[in-house]
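Please read all numbers here as calculations on a predicted model, not as lab measurements. Just so we're on the same page: letters track the sequence lines, and every chain starts at 1.
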Amino acid sequence: MAAITLLEGVNMAIDHEMARDINVVALGQDVGKSGGVFRATDGLYKKYGENRVLDTPLAESLIVGLSVGMASQQMRPIAEIQFMGFIFPSFNQIATAAARMRNRTRGRITLPMVIRMPYGGGIHAPEHHSESTEALLAHLPGIKVVVPSTPERAYGLLLAAIRDPDPVIFLEPKRIYRAVKQEVEDNGEAYPLESCFIDREGTDITLVSWGAMMQETLKAADLMEKEGVSCEVIDLVTLNPIDIPTIVESVEKTGRCIIIHEATRAGGLGSEIAAELSEKALLSLYAPIGRVTGYDTIVPYPKSEHYFMPDKDRIVDEIRKAMEYH
Amino acid sequence: MAAITLLEGVNMAIDHEMARDINVVALGQDVGKSGGVFRATDGLYKKYGENRVLDTPLAESLIVGLSVGMASQQMRPIAEIQFMGFIFPSFNQIATAAARMRNRTRGRITLPMVIRMPYGGGIHAPEHHSESTEALLAHLPGIKVVVPSTPERAYGLLLAAIRDPDPVIFLEPKRIYRAVKQEVEDNGEAYPLESCFIDREGTDITLVSWGAMMQETLKAADLMEKEGVSCEVIDLVTLNPIDIPTIVESVEKTGRCIIIHEATRAGGLGSEIAAELSEKALLSLYAPIGRVTGYDTIVPYPKSEHYFMPDKDRIVDEIRKAMEYH
Amino acid sequence: MIKPVAKQANKNANLRQTGIDAATKVVANFSIRSVQYLDENANIVHDLPMFAEDSAELLKLFRTMLLLHHFDRKVLMLHRTGKIGTYPGTLGQEAVGVGMASALTDDDILVPYYRSVTDLYVRGVRLHEVLAFWIGDERGLDFKDPRARNDLPLPICISSQIPHAAGVANAIRIRGQKNRAVLTAIGDGGTSEGDFYEGLNCAGTWKLPLVIVINNNRWALTEPNKCQTACQTLAQKAIAGGFEGIQVDGNDVIAVRATVDEALQKARAGGGPTLIEALTYRLCAHTTIDNLERYVDKEEYDQAWQKEPLIRLRKLLQVREVLDEASETRMLNEIKEEIEHEVELALSLPLQPPEAIFDYLYAELPERQQAQRAEVSARWRKN
Amino acid sequence: MIKPVAKQANKNANLRQTGIDAATKVVANFSIRSVQYLDENANIVHDLPMFAEDSAELLKLFRTMLLLHHFDRKVLMLHRTGKIGTYPGTLGQEAVGVGMASALTDDDILVPYYRSVTDLYVRGVRLHEVLAFWIGDERGLDFKDPRARNDLPLPICISSQIPHAAGVANAIRIRGQKNRAVLTAIGDGGTSEGDFYEGLNCAGTWKLPLVIVINNNRWALTEPNKCQTACQTLAQKAIAGGFEGIQVDGNDVIAVRATVDEALQKARAGGGPTLIEALTYRLCAHTTIDNLERYVDKEEYDQAWQKEPLIRLRKLLQVREVLDEASETRMLNEIKEEIEHEVELALSLPLQPPEAIFDYLYAELPERQQAQRAEVSARWRKN
Ligand SMILES: Cc1ncc(C[n+]2csc(CCOP(=O)(O)OP(=O)(O)O)c2C)c(N)n1
Ligand SMILES: Cc1ncc(C[n+]2csc(CCOP(=O)(O)OP(=O)(O)O)c2C)c(N)n1
Ligand SMILES: [Mg+2]
Ligand SMILES: [Mg+2]
């Protein structure tokens with residue numbers, strides 16, 4: 001069992017399911033012969049041929065629309081959108097077709113499909129290549145939205161996404177595509193798509209994050225530990241549905257909560273979690289719920305991106321503020 | 001001065017600005033010769049001609065993209081999207097072009113443009129004709145999002161939107177297009193695009209809503225008044241930016257808050273307001289912040305729409321819950 | 001530093017006289033053909049296809065068209081009496097849907113567009129289902145006829161069905177199924193949307209077993225063709241997809257059926273897609289809630305009635321002596337009975353239970369929605 | 001009840017032999033022409049346009065192309081030494097951008113695409129500006145040359161510029177400005193996106209003063225033309241818009257310039273849009289961070305170098321005795337100086353202040369962002 005990256009975890013899951021189920025096909029721009037811009041589908045074209053790993057025309061609405069059509073005939077398409085910044089041309093197909101087919105046909109036609117894409121900043125990529133607009137997707141009933149933060153979770157969650165009978169959006173934090181290696185067994189075991197992970201138990205404050213921000217959050221928790229602050233760290237993993245009960249339980253214990261995400265603050269998913277807590281755990285709160293997020297501005301170009309991105313320092317500051325609140 | 005409907009307020013504002021400024025043009029599907037499906041542009045084609053009131057091809061991405069191009073040359077396009085449910089094909093043009101032009105050219109090119117559309121349910125319209133996805137728009141920095149709830153506000157806010165130097169999304173609650181009449185003077189006076197309205201002062205609880213839900217909210221406030229509960233009612237009006245200071249001030253006074261909107265709950269704008277309050281007014285809260293919203297499901301077809309839609313009864317229940325909380 | 005050249009006014013003037021014409025050679029030629037068998041006066045302008053020799057067959061098509069014709073009128077009445085709201089009629093366009101769908105086999109798949117009642121009916125979808133959908137009940141899209149079980153539901157988002165149809169066709173291609181093809185439809189206005197072209201382009205690139213029929217009824221809501229396009233034919237849009245486009249007289253059901261039939265056979269045999277523009281006329285308003293008198297030229301409209309598809313087929317059948325006034329009256333009575341029955345079924349459909357707004361969201365309802373479902377249940381069961 | 005017909009296997013078989021062919025008539029014809037003046041061996045295959053008689057003029061074009069050619073190589077070096085990240089080169093495609101932009105007047109407007117460094121350069125945009133954009137500084141799009149002030153910035157979203165270009169052209173049309181037209185560009189891959197067609201369709205419908213140039217460099221990232229389209233020419237996409245499409249040898253700068261020039265004149269005169277497909281080859285990788293050896297056929301690539309646009313123009317200029325080795329070396333030295341200077345300017349550009357991430361969001365910054373701006377300021381000023 002070799003140590004693999006998150007990216008390799010993605011590849012391994014797709015490979016596993018393609019081997020297992022002839023109905024699974026991968027499609028997208030450059031995913032075929034060349035294996036994708038990040039190599040997420042590397043080797044699959046050679047292994048499964050051009051009928052199961054399809055280089056599509058450069059058209060995102062088409063890619064999702066094709067997937068809807070294929071899934072309606074009991075295939076299991078895994079579509080790649082090259083970067084999350086380019087999901088918008090396909091937004092109509094996601095919102096009005098993919099998310100609704102089961103509902104509008106009263107279950108006659110269902111869509112077992114995955115739309116996966118690299119997302120988030122921090123790799124000094126050009127404009128539109130650093131977006132983190134998960135809140136837009138998580139607001140749409142009828143789809144699921146999932147984000148792994150480790151190689152092992154990438155593998156187990158993507159397996160689950162591919163097997164899920166409904167459309168799943170799978171967001172891959174590209175900043176940590178190759179950042180960490182982990183031993184992951186190719187055992188075909190899928191994770192549930194409705195549970196978060198408590199990555200570290202703690203008693204003073206709950207930190208909720210997902211994707212690449214988990215790294216910064218864990219670093220901040222380490223730093224605070226040295227100051228004697230015990231952080232409970234939750235990897236949210238599923239953005240729709242959100243595992244609110246686990247978060248509420250944690251906050252009932254710690255009395256404080258900070259949510260960390262890259263996305264713009266206003267209307268970001270931090271708001272949703274804070275709102276749920278302010279409803280379900282109000283009396284447990286010793287301090288206002290903090291949100292450490294991208295600012296309410298457009299993701300800056302690479303040279304100024306660091307001003308925008310949450311980092312461990314901003315998280316630490318917010319933790320201190322919560323701990324000192326009275 | 002005649003009493004006019006909200007729809008006529010919209011028409012009057014467009015007319016006023018077209019008369020005043022040759023750069024103002026209206027465009028969209030069916031807006032020209034026939035005056036639009038709801039008649040929002042009625043009479044303008046005849047008055048200003050086919051060069052200023054344009055029947056576009058049936059293509060939403062084009063409509064917004066055209067507006068971006070025209071605005072970049074100092075025209076002031078007012079684009080109509082026929083129903084909010086059909087905004088998705090244009091989402092890419094809104095998010096990646098309209099919202100960012102000023103920022104990405106460091107102010108060299110700016111886009112004084114309006115995208116207006118009827119939104120919301122309650123008129124027994126077919127699928128996709130009852131959407132209320134304002135949260136998706138309000139999450140995008142670089143645009144403004146505005147919703148009037150009365151004829152007079154429709155007029156004053158739309159004037160402001162047309163004159164604004166940046167892109168404004170103008171959402172028209174079609175359920176009350178013709179519901180109320182009000183005397184509105186065609187005086188060219190615009191409202192600011194960053195302030196909410198306190199429609200009723202109260203001391204026990206703050207109700208925040210917008211659009212057609214204002215009607216239900218005011219009804220609920222009336223009912224509660226009879227039970228001796230004094231509601232402060234806020235018409236949010238601008239969804240981006242949100243006038244948080246006014247809401248915080250109100251909640252500091254009342255100690256309770258309920259947000260009412262048609263849109264789906266998870267990731268709806270109610271979350272954003274609740275999150276801000278849970279941060280800025282936590283210690284003033286006597287009760288959890290309530291949200292009365294559409295459920296987390298797809299807007300049902302007309303026959304079942306009433307199960308989904310917030311109404312005065314649901315608001316009243318939530319107010320009682322907040323008042324009884326301890 | 002040598003500066004790039006910006007103005008060339010004089011030289012341009014010279015150039016203009018000579019122009020680039022002399023320096024060009026033709027590298028590609030295309031033409032668009034048009035198909036018609038039966039003209040508006042029921043003259044047979046070309047030898048009929050085999051199936052049309054069979055009068056019983058034509059009589060079936062006639063009956064179906066007549067039924068849909070009268071269904072439209074019925075629905076309009078229902079609207080006037082406040083029984084139903086928005087419904088997009090197919091008056092005048094019956095030959096398009098009936099002709100195209102009658103060329104399908106059970107193995108083929110239909111991907112309808114929102115105005116597709118006629119093709120759906122041929123496919124076995126019952127009128128009360130379509131009506132239920134328009135009245136506002138999701139169950140209308142849960143098509144019950146086995147032939148239509150895999151057909152896609154009506155899409156409301158104009159043009160979004162074209163990529164779906166390409167996807168269905170792609171599934172067939174990938175699976176190497178040689179007995180199947182996909183048939184889809186779209187309006188003339190729909191050809192302005194990006195999704196239409198993206199699907200066309202992909203269909204050509206992958207040689208998909210797909211036939212796309214444009215119901216060119218000359219109107220997109222209140223906008224006539226000229227607001228949508230500068231093209232002399234919509235069939236020529238296929239040239240941008242790199243495959244054949246063909247025009248057909250959409251009021252000649254024989255031509256529609258023959259053309260679609262041949263295109264489907266080509267598709268099944270691996271010959272790739274075809275775009276078919278069926279020229280017809282929307283003799284009804286956009287929907288029941290629209291008033292066409294506001295924007296349609298009366299004279300144009302009256303002329304269009306002269307070319308209406310039932311007239312010529314009726315004449316042909318009368319000449320062949322398989323139809324006369326008496327038999328048509330009998331037919332009409334039967335038809336009206338079916339329509340009444342279907343309308344009754346649609347209007348008497350009991351409401352779905354309140355909980356149903358959650359029950360088809362996911363295979364398994366997440367906790368959050370379970371709680372909301374319970375809330376809805378409690379609220380509406382008590383009342 | 002007569003049931004609709006689903007299967008017609010036997011009859012279909014018969015029909016197939018006869019087919020609809022006999023029942024068709026041709027209703028529209030189209031052809032695509034191609035323009036070339038100078039072939040790859042510098043043979044003049046057609047009488048040159050006026051401007052090309054002027055050797056000084058051609059020398060300017062040559063110099064500009066040579067400069068951009070070397071700029072590309074310089075940027076690749078900078079990438080290898082870690083000084084810059086992603087940059088999309090124009091190696092091999094210099095004649096497209098230089099040829100098209102040199103046909104513009106100052107009154108026209110350019111709507112570039114993301115790989116548009118060559119046309120922008122001709123327009124007066126400095127190389128350090130384009131470089132700054134790619135290095136990750138928004139100021140790169142704040143074009144300083146007066147000619148480019150109204151030109152649109154580089155768009156990263158493929159194809160999104162086409163509706164913008166149509167909008168700019170529409171502003172010109174509405175204002176009745178007869179001295180202006182809009183020139184825009186797109187890649188071959190970009191022709192698969194819906195926005196491309198929506199813009200095309202509108203340009204045709206409204207007869208917009210718009211010229212669209214497709215830089216067909218045969219690749220869209222790692223996908224060759226055949227992954228994008230079944231069309232034999234991309235120029236034929238114009239037929240779907242109802243206007244003229246024309247192909248041009250994109251390695252023949254004279255042909256590009258002449259064709260675009262004529263199309264712009266037509267546009268200014270109210271003759272409507274033109275689509276021009278310029279056939280060239282991407283001799284560089286997709287961007288500096290891509291490796292073309294992984295997917296490009298070596299032989300095809302080597303052959304493409306033989307047709308590269310500088311070779312033939314150099315030969316012509318040498319024959320005309322306005323260029324020789326010595327003068328080209330001098331030219332190259334000057335060019336390299338300009339390039340070094342521009343690179344220096346780009347790399348030495350001081351960072352924008354932290355607050356600048358807020359300062360161009362709206363004309364007036366809302367309260368919420370004002371507070372965030374203060375936070376950023378405090379955080380980054382103290383460090
Ligand atoms: C994406 C989208 N935009 C707008 C509409 C509103 N709309 C419904 S039908 C219609 C006109 C369609 O015209 P056409 O495609 O010619 O079809 P027809 O109605 O003539 O059958 C419009 C604009 C819609 N349903 N979907
Ligand atoms: C909407 C969108 N989707 C995907 C991308 C990623 N992407 C950048 S360039 C490119 C290929 C473009 O090919 P082509 O249009 O031929 O232009 P070229 O690069 O050859 O100049 C892709 C897929 C993008 N920038 N925008
Ligand atoms: Mg139509
Ligand atoms: Mg290319």
Side-chain angles (χ1 to χ4, degrees), chain A residues 28-39 42 45 50 54-63 65 82-83 85-90 92-93 123-131 264-266 292-309 311 313-314 317, chain D residues 85-88 114 132-141 154-160 187-196 220-224 226-229 286-287 289-290 294-295 349 351-361 365-366 368-369 372-373 375-376 379-380 383:
Chain A
Q29 294 155 21
D30 308 288
V31 302
K33 223 170 191 166
S34 86
V37 286
F38 286 103
R39 303 280 175 286
D42 202 24
Y45 180 89
E50 60 175 12
L54 296 98
D55 276 321
T56 64
L58 205 179
E60 288 76 11
S61 185
L62 172 77
I63 292 170
Q82 206 155 59
F83 288 88
F86 307 131
I87 199 180
F88 296 119
S90 67
N92 189 48
Q93 286 290 352
I123 63 160
H124 292 271
E127 189 182 9
H128 300 302
H129 289 70
S130 301
E131 314 304 297
T264 284
R265 186 183 187 84
V292 181
T293 71
Y295 296 106
D296 289 313
T297 188
I298 288 156
V299 185
Y301 289 8
K303 287 278 178 198
S304 303
E305 199 185 1
H306 56 294
Y307 299 132
F308 173 85
M309 273 289 208
D311 55 24
D313 297 340
R314 280 179 60 197
D317 284 358
Chain D
T86 304
Y87 177 86
Y114 85 99
F133 169 73
W134 285 106
I135 288 175
D137 190 315
E138 288 86 351
R139 287 171 297 181
L141 299 180
L154 302 172
I156 290 290
C157 278
I158 300 292
S159 207
S160 63
D188 43 289
T191 67
S192 296
E193 288 274 11
D195 267 5
F196 168 68
L221 233 164
T222 72
E223 296 189 4
K226 73 167 191 292
C227 288
Q228 301 294 339
T229 184
H286 169 62
T287 66
I289 63 167
D290 174 44
R294 282 193 313 109
Y295 55 88
L349 190 67
L351 278 190
Q352 296 180 79
E355 299 85 356
I357 70 173
F358 294 101
D359 289 346
Y360 304 93
L361 195 56
L365 197 64
R368 181 186 185 105
Q369 282 98 339
Q372 295 180 355
R373 186 179 185 279
E375 184 189 320
V376 166
R379 174 169 300 275
W380 291 96
N383 293 350

Per-residue contact mode, [X] against chain D (heavy atom under 4.5 angstrom):
| X | answer |
| --- | --- |
| A:E60 | both |
| A:A125 | neither |
| A:S304 | both |
| A:P300 | both |
| A:H128 | side chain |
| A:F86 | side chain |

Quiz prompt | Side-chain touch D:Q372/A:R265, heavy atoms, less than 4.5 angstrom | solution = yes

Exercise. For a ring pair (Phe, Tyr, Trp, His ring centres under 6.0 Å) with A:H129, tell me which candidate from A:F38, A:Y301, A:F83 qualifies.
Key: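 So, applying the ring pair (Phe, Tyr, Trp, His ring centres under 6.0 Å) to A:H129 and each of A:F38, A:Y301, A:F83, only A:F83 qualifies.
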
Below 4.5 Å from any heavy atom of chain A, which atoms of [X] appear? Answer side chain, backbone, both or neither.
| X | value |
| --- | --- |
| D:I158 | side chain |
| D:E223 | both |
| D:L141 | side chain |
| D:L351 | side chain |
| D:I357 | both |
| D:T86 | side chain |

Quiz item: Top residue by heavy-atom pair count (under 4.5 Å) with chain D, among A:D30, A:L62, A:T297?
Solution: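 Of the options given, most contacts go to A:D30.
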
Quiz item: Out of A:K303, A:E127, A:E305, A:Q82, which one racks up the most heavy-atom pairs below 4.5 Å with chain D?
Solution: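 Of A:K303, A:E127, A:E305, A:Q82, A:K303 has the most heavy-atom pairs under 4.5 Å with chain D.
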
Practice problem: Establish, from distance only, whether the side-chain atoms of A:Q29 and A:D55 form a donor-acceptor pair under 3.5 Å. | Solution: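 No, no side-chain donor-acceptor contact under 3.5 Å.
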
Quiz item: Any side-chain donor paired with an acceptor under 3.5 Å for D:Q352 and D:D137?
Solution: yes

Exercise. Using the side-chain contact (heavy atoms from CB on, under 4.5 Å) rule, take D:L221 and A:V37 through it: C-alpha gap first, then chi angles, then the decisive distance, then the call.
Key: CA-CA 9 Å; D:L221 233 164; A:V37 286; 3.8 Å; yes

Quiz item: Can we say D:R373 and D:D359 salt-bridge, meaning some charged N sits less than 4.0 Å from an Asp/Glu carboxylate O?
Solution: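 Salt bridge: yes.
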
Quiz prompt | Distance, nearest 0.5 Å, that separates CZ of D:F358 from CG of A:D296 | solution = 7.5 Å

Quiz prompt | Any donor-acceptor N/O pair, D:T287 side chain to D:I289 backbone, under 3.5 Å | solution =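 The answer is yes, because a donor-acceptor pair under 3.5 Å joins these two groups.
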
Quiz item: D:W380 and A:H306: which non-hydrogen atoms are nearest, and at how many Å?
Solution: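 So the two residues come closest at CZ2-O, 3.4 Å.
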
Quiz item: In terms of heavy-atom pairs under 4.5 Å with chain A, which of D:Y295, D:F133, D:Y114 leads?
Solution: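 Going by pairs under 4.5 Å, I would pick D:F133.
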
Quiz item: Is the number of heavy atoms from other residues, nucleotides or ligands under 6.0 Å of D:E375 CD greater than 12?
Solution: yes

